[in-house]
Amino acid sequence: MAGARTDLQGQRPDHQHDPHLPSGGRGYGWSLDDGHRRRSLPVAPHLPGQLPFFSAPPGAGHNPAALPEQLQVGSIRQNTSPGPHCTQVFHMRLPIRAVTPKTEFAEIIGWVHEVRDLGGLSFFLIRDRTGIIQVTIPKKKVPAEVLDTARNVSRESVVRVRGRVKAIEKAPGGREIVPEELDIISIAESPLPLDVAEKVPAEMDTRIDSRFLDVRKPRVRAIFFIRSMVTCAAMEFLASRGCINITTPKIVAAATEGGTELFPIAYFEKEAFMNQSPQLYKQMMMAAGFEAVFEIGPIFRAEEHNTIRHLNEATSLDVEVSFADHNDVMDLLEDLIVHVYGCVRETCADQIAELGVDLTVPAKPFPRIPYTEAIDIANRAVEEKLSFGDDLSPAAERAIGDVIGQHYFIVDWPTDIRPYYAMPYPDRPEFCKAFDLMHPRMELSSGAQRIHDHDLLVARIRAKGLSPESFEFYLRTFRYGMPPHAGWGLGIERLVMTMLDLSNIREAVLFPRDRHRLMP
RNA sequence: GCCCAGGUAGUGUAGUGGCCUAUCAUGACGGCCUGUCACGCCGUCGACACGGAUUCGAAUUCCGUCCUGGGCGCCA
């Protein structure tokens, strides 16, 4: 490992700082093992259990006790566990956000966000995922090595800065570091494939080509921090409601539901497909007696669509609950949406501010509009009139969304345009207990009470022109005691997209898979 | 699958037959500058997707290829 040392670090006398790696057994080369540094560093910047950058800012009135009861589930909101966003897992350096005007001395590691050279004075903005800090270099006052390194550093290089913190009104965050040491840990090539400082915009295509750089932008990173909170909050919420977290196969034998196109793959000597939905498997877990399950996982659709709201690989949050009907699971879905919005609002204030969105928690209950009424509303607004049995066009969805102006359900769909497993109303079988959850912009989720009667299910499969034989692995679970059940599937990307008012669904996924893109 | 729009320095753009060895911004490089915060100023560098055609002359028109964006369809 010692041989790996490069001349970038050559001038540094302190061997314990070798950034090249975890020297054997003791963890990180940067661990705070030097007596002097231990003394000079501020008191532990990480309060136990604190989420350094997800916690609400001081004075923001973070008071879980004041929240409506339905929002007070679990620990994420209350910051009692480190959680997935905690920066304090490693102690190689101080997270930039933890450097305050009161900090005396700090060592930070981050990316060079911007450089402004004023001649005798130059400013470096150093960024990590917690924030940005200004490093000020008065050329006549810093060591010659620092000056030398500062001359050679390029934007987006990773640098280590160690120095005294000064409280300066004029500096961003009211503080800056004057370096005693400055090392280039990893030099960035130039020019950059896109401008991380966001002075010049980049097209989505360029951005995805260099997604690792694109997500360095604080604005883009904020989307994914929030997405993380969305899924964490949803999981926590569902667990609190007694749902069991399951995973189901993504490689399946047959086109199980008809309808959407599947991606074929080679599975040894057999043909197989990428699964379009966990639907059949989560229903099978009702037969297994799990009573309530959820899964967050990928789904694959081989449709050649080319729109800002479709992906060929998406993330679905699927829920299935026994001894429940469509109304019960709509209530659950509504509660989940409100909970997730609430969690994001409470814990991601910085990210919301970064994105400049107005994130209001939707009010319960969401209106439940029968399909026939939805058609009427749409027909008052759109040119292309819909008739009974038509699915809603994107224009119709938007027209209804404009009228309703908030999240809403469309209920009581014609049985013919819903999947075979949707439960028809016994007294009017042309309608079924299916629903869609709509955001004013688009569909977020669809679900239904399912058919739990074997023979009725077989009849419905036949009526759809499908063959019950190819569903035997599924149908047999209905012959040994299948409870009544209901459930839904929710598109995570669409949830994030509508929550943050993103113009393109690709913004809500790190590495989108669409009609043309397979890399990176 | 159908339709529409597009491809110009690393990035984002202007440019609809000669005014273009191509505009502006950002960037990189060099120089000046001690409180910037999209720092400022001076200078330099860097591009017309590919192939063919029309024309005295093509970034610009036409044809083909490749690539891209979007709408619709499709999408429980």
Side-chain angles (χ1 to χ4, degrees), chain A residues 113-125 132-142 151 154-156 166 168-174 176 178 188-210 213-214 255-262 276-280 283 299-312 314 316 318 384 390-396 398 413-422 432 434-436 442-443 445-448 450 460-461 464 466 487-489 491 494 503-504 506 514-517:
Chain A
H113 191 69
E114 265 185 78
V115 179
R116 293 187 201 108
D117 186 353
L118 272 63
L121 187 65
S122 56
F123 299 102
F124 284 68
L125 297 184
I132 290 180
I133 191 166
Q134 176 165 291
V135 171
T136 301
I137 303 181
K139 290 186 183 167
K140 286 179 184 163
K141 293 178 191 165
V142 297
R151 255 196 296 275
S154 56
R155 290 164 88 219
E156 294 305 318
K166 289 169 69 180
I168 298 277
E169 284 273 331
K170 292 178 263 190
E176 66 183 17
V178 179
E189 281 182 22
S190 181
L192 296 163
L194 53 78
D195 173 27
V196 178
E198 294 186 272
K199 290 178 188 174
V200 180
E203 291 199 356
M204 184 60 74
D205 203 45
T206 308
R207 294 172 50 198
I208 302 297
D209 280 341
S210 300
L213 280 177
D214 184 54
T256 47
E257 289 182 54
T260 192
E261 294 290 321
L262 301 180
Q276 64 179 100
S277 147
Q279 178 63 30
L280 305 189
Q283 284 191 262
I299 55 171
F300 304 90
R301 309 268 164 111
E303 303 294 338
E304 297 197 9
H305 34 48
N306 186 214
T307 77
I308 54 167
R309 60 186 183 285
H310 288 98
L311 293 166
N312 293 290
S316 178
D318 270 88
E384 300 222 355
D390 287 342
D391 214 335
L392 298 178
S393 63
R398 285 190 296 268
W413 287 71
T415 307
D416 284 348
I417 58 171
R418 300 299 289 207
Y420 56 79
Y421 46 74
C432 65
F435 59 87
D436 279 358
M442 70 183 76
E443 176 187 335
S445 169
S446 64
R450 325 296 191 185
R460 291 299 308 150
I461 289 172
K464 287 281 181 186
L466 299 167
W488 40 259
R494 286 190 175 189
S503 59
N504 190 321
R506 294 170 183 87
D514 61 30
R515 178 66 187 86
H516 300 290
R517 187 173 284 278

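A note on names: the letters A, B, ... follow the listed sequences, proteins ahead of strands, and every chain is numbered from 1.
- We find that NE2 of A:H310 is positioned 10 Å from P of B:C75, with the value rounded to whole Å.
- Nucleotides B:A53 and B:G17 are separated by 16 Å at their C1' atoms, to the nearest Å.
- Among the nucleotides B:G73, B:G12, B:A28, the one closest to any side-chain atom of A:A202 is B:G12.
- Sequence order on RNA chain B of the closest nucleotides to A:R494 and A:P193 puts A:P193 first from the 5' end.
- Across all strands shown, B:A9 remains unpaired; no Watson-Crick or G-U wobble contact has both distances below 3.5 Å.
- A:Q134 places its CD atom 8 Å from the C1' atom of B:G35, with the value rounded to the nearest Å.
- A:D391 comes within contact range of no nucleotide atom at all, as no heavy-atom separation falls under 4.0 Å.
- A:K199 has a side-chain polar atom (N or O) that falls below the 4.0 Å cut-off from OP1 or OP2 of B:G27.
- Across all strands shown, B:C29 is found opposite B:G43 as a Watson-Crick or G-U wobble partner, with both distances under 3.5 Å.
- Expressed to the nearest 0.5 Å, how far CZ of A:R116 lies from CG of A:L118 amounts to 9.0 Å.
- Proximity note for A:P394 (side chain, C-beta onward) versus B:C75, B:C72, B:G1: the nearest is B:C72.
- In a base pair of the Watson-Crick type (N1 to N3 plus N6-O4 or O6-N4) or a G-U wobble (N1-O2 and O6-N3), with each distance short of 3.5 Å, B:U36 is matched with no nucleotide.
- Nucleic acid contact class of A:R151 (heavy atoms, under 4.0 Å, all strands): none.
- Atom NE2 of A:H310 and atom CD of A:E304 lie 13.5 Å apart (nearest 0.5 Å).
- Taken from CG in A:L311 to CZ in A:R515, the straight-line distance is 14.5 Å, to the nearest 0.5 Å.
- Of the C1' atoms belonging to B:U8 and B:A49, the separation is 10 Å, rounded to the nearest Å.
- Using a 4.0 Å heavy-atom distance criterion, A:E443 is classed as making no nucleic acid contact.
- Going from the C1' atom of B:A14 to that of B:A59 covers 12 Å, rounded to whole Å.
- By the 4.0 Å N-to-carboxylate-O rule, A:D391 lies too far from A:R418 to be salt-bridged with it.
- In this structure, CG of A:D195 is placed 15 Å from C1' of B:A9, rounded to the nearest angstrom.
- Here the separation of B:G30 from B:U61, taken at their P atoms, is 41 Å to the nearest Å.
- Nearer the 5' end of RNA chain B, as judged by each residue's closest nucleotide, is the contact made by A:R398, out of A:R398 and A:I417.
- Taking the C1' atom of each, B:G57 and B:G18 are spaced 7 Å apart, rounded to whole Å.
- Side chain of A:R301 to backbone of A:Q276: a donor-acceptor contact under 3.5 angstrom is found.
- Straight-line distance from the CG atom of A:D390 to the C1' atom of B:G73: 13 Å, rounded to whole Å.
- Between the base of B:A76 and the side chain of A:S277 there is a donor-acceptor pair shorter than 3.5 Å.
- Among the heavy atoms of the strands lying under 4.0 Å from A:R418 are primed sugar atoms or P, OP1, OP2 only; no base atom is included.
- No N or O donor and acceptor, one from the side chain of A:R155 and one from the base of B:A28, sit under 3.5 Å apart.
- Contact check on A:K464 versus A:D416 returns no salt bridge, with no Lys/Arg side-chain nitrogen under 4.0 Å from an Asp/Glu carboxylate oxygen.
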Listing time: all N or O pairs from protein to nucleotides 67-69 of chain B that are below 3.5 Å?
residue	atom	partner	partner atom	Å
B:U68	OP2	A:H516	ND1	3.4

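- Within 4.0 Å of A:P201, counting heavy atoms only, lie sugar-phosphate atoms of the nucleic acid but no base atom.
- Under a 4.0 Å N-O distance rule, the pair A:K199/A:E114 qualifies as a salt bridge.
- The CD-C1' distance, from A:E114 to B:U11, rounds to 15 Å in whole Å.
- With a cut-off of 3.5 Å on both Watson-Crick or G-U wobble distances, the partner of B:U23 is given as none.
- Straight-line distance between the P atoms of B:C75 and B:A5: roughly 27 Å, to the nearest whole Å.
- Remark: A:D514 CG to A:T307 OG1 distance equals 9.5 Å, nearest 0.5 Å.
- Under the Watson-Crick or G-U wobble criterion, with both distances below 3.5 Å, B:G64 is paired with B:C50.
- Across all strands shown, the partner of B:G69 is B:C4, judged by Watson-Crick or G-U wobble contacts whose two distances both fall under 3.5 Å.
- Remark: A:S122 is not in phosphate contact with B:U34, judged by side-chain N or O atoms under 4.0 Å from OP1 or OP2.
- When the P atom of B:C66 is taken as reference, atom CZ of A:R515 falls 13 Å away, rounded to whole Å.
- With B:C33, B:G73, B:G27 as the candidates, the nucleotide lying closest to the side chain of A:D117 is B:C33.
- Using a 4.0 Å heavy-atom distance criterion, A:I168 is classed as a base contact.
- Counting only heavy atoms from C-beta on, A:L121 has its side chain closest to B:G35 among B:G27, B:C72, B:G35.
- Here the CZ atom belonging to A:R450 is positioned 10.5 Å from the OH atom belonging to A:Y420, to the nearest 0.5 angstrom.
- Regarding A:E303, its CD atom lies at a distance of 16 Å from the P atom of B:G71, rounded to whole Å.
- Here A:K140 lies in heavy-atom contact (under 4.0 Å) with a base.
- Going from the C1' atom of B:G51 to that of B:C66 covers 10 Å, rounded to whole Å.
- Taken to the nearest 0.5 Å, the CZ atom of A:R151 stands 7.0 Å off from the NZ atom of A:K139.
- Spacing of P atoms, B:C45 relative to B:G52, comes out at 30 Å, to the nearest Å.
- Scanning atom types as modelled, one donor and one acceptor separated by under 3.5 angstrom connect the side chain of A:E176 and the base of B:G35.
- Pairing for B:G17 is absent, with no Watson-Crick or G-U wobble pair whose two atom distances lie under 3.5 Å.
- Atom-to-atom, CZ of A:R116 to P of B:G27 comes out at 10 Å; the value is rounded to the nearest Å.
- Across all strands shown, A:A448 has no heavy atoms under 4.0 Å from either base or sugar-phosphate atoms.
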Run A:R207 and A:D205 through side chain to side chain contact (heavy atoms under 4.5 Å, CB included) and show every step you take. CA-CA 5 Å; A:R207 294 172 50 198; A:D205 203 45; over 6 Å; no
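- Judged by distance alone, with hydrogens and angles left aside, A:Y421 brings a side-chain donor or acceptor within reach of the base of B:A76, the pair sitting under 3.5 Å.
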